[in-house]
Amino acid sequence: MSKRIPATLIAGDGIGPEIVDATLAALAALGAPFEWDPQAAGLAGIKAAGDPLPQATLDSIRKTRLALKGPLETPSGGGYRSSNVRLREEFKLYANLRPARTIVPGGRFDKIDLVVVRENLEGLYIGHEHYVQIDDDPHAVAMATGINTRAGCRHILEYAFEHAIATGRKKVTIVHKANIMKALTGIFKETAEQMYEEKYKGRIAMESVIVDACAMKLVLNPWQFDVLVTTNLFGDILSDLVAGLVGGLGMAPGANIGRDAAIFEAVHGSAPDIAGQGKANPVALMLAAAMMLDHVQRKDLGDRLRNAIDATLNVDKIRTGDLGGSASTGVFAKALVSRITNG
Ligand code: NAD
């Protein structure tokens, strides 16, 4: 038997427990080497420990440095701060890797194979926001501060270039808005150009695109892109756009990578509208689990999982409602397990 790898498991809120159960069944069928340490977060964390990110959960991740996580609910406007953002900050998970690959052909866009690399810790998401009162309006002016550092830019750009080269990609596209936010995103473009000259020229192609033009180009001709790397807010928006090119959020996995830990999750949220109904598509989390297997040097198992997902969707034609099918989460998981077991 291969060496067991300790990993933290967070079921999450809403559809989280359903898709995590389905994913665990697939990983068990593969004989994946993880030794799970189940921990609570989100609403379940509040229930269990009065905190959406309990100390025991942080301690577990600090020890294992590896986690598979279901979606965590965050109230909009007021309420507690996003546990996802807190996790990224706590473990300095500076790189958010979001691949998008067509698995179910015949959609609006075919043969998509893109990766969005999003900076995860800086930019306009640092939470430095406030209102200024004028006369009797306490919200008369809203202000936000964005911070991008040279060191932060170098980290994420190096990650994107190295990942692109290691995975045989041809081109890295730097996405920015340096024509308007000349300092905040100019530093990102400038650092990319310097690093390219220093280290990457001749090893891979690089181009720069302004974010608004990039959004249009992604819809008109997404095949012109390969790896996109960008700052936090632009990356958040573009990665959802790119998920839409391959069939929606149910197909989009994500990895949060840092020096201290790596946390794997689906891009989507807790989908409260369908929670508890057995309708959720577990594929995004399963693809995240495949990335987790790649991360622990078990690409053989990651590939087996991806191939079994492909066969279940396209040969067996077992699909959940978001993909136009009628299978429940459990029926999909069962069919996938039988694909893994029987080939
Ligand atoms: P959402 O991603 O939960 O849902 C958007 C739409 O997509 C909904 O109609 C939902 O039913 C559908 N959907 C999402 N995942 C699906 C799946 N696997 N299968 C089928 N359909 C799916 O976004 P939201 O409703 O804006 O957010 C709900 C909550 O999730 C919020 O509290 C938000 O803060 C949180 N959230 C968490 C994460 C995370 O944990 N990483 C990410 C995004 C949102």
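Positions are given from 1, in the same order as the sequence printed here. Every number for a ligand or one of its atoms is a count from 1 in the order of the listing. Since this is a predicted model, take the numbers as computed values, not measurements.
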note = Those residues at least two apart in sequence (or on a different chain) that pass salt bridge (Lys or Arg N to Asp or Glu O under 4.0 Å) with Lys199 are Glu158
task = Following the transitive rule for hydrophobic clusters with a side-chain heavy-atom cut-off under 4.5 Å over Ile, Leu, Val, Met, Phe, Trp and Tyr, establish whether Val116 and Leu249 coincide in one cluster.
result = no
query = Do the side chains of Val117 and Ile165 join up, straight or via other hydrophobic residues, at under 4.5 Å, putting them in one cluster?
reply = yes
Side-chain donor-acceptor distances from residues 127-136 under 3.5 Å, at least two apart:
from: Gln133; atom 1: NE2; to: Asp135; atom 2: O; distance (Å): 2.9

Side-chain atoms of residues 95-107: list all donor-acceptor pairs with protein atoms under 3.5 Å, sequence neighbours left out, distances to 0.1 Å.
from: Asn96; atom 1: OD1; to: Arg98; atom 2: NE; distance (Å): 3.3
from: Asn96; atom 1: ND2; to: Asn120; atom 2: OD1; distance (Å): 3.4
from: Asn96; atom 1: ND2; to: Asn256; atom 2: OD1; distance (Å): 3.3
from: Arg98; atom 1: NH1; to: Ser239; atom 2: OG; distance (Å): 2.6
from: Thr102; atom 1: OG1; to: Lys111; atom 2: N; distance (Å): 3.4
from: Thr102; atom 1: OG1; to: Ile112; atom 2: N; distance (Å): 2.7

task = Could you tell me the separation between the CD1 atom of Ile15 and the OG1 atom of Thr329, rounded to the nearest 0.5 Å?
result = 7.5 Å
request  = Could you please provide the protein residues found below 4.0 Å of ligand 1 on a heavy-atom basis, arranged by chain and number?
outcome  = Ile15, Lys69, Pro71, Leu72, Glu73, Thr74, Asn84, Leu249, Glu265, Val267, His268, Gly269, Ser270, Ala271, Pro272, Asp273, Ile274, Ala280, Asn281, Asp322
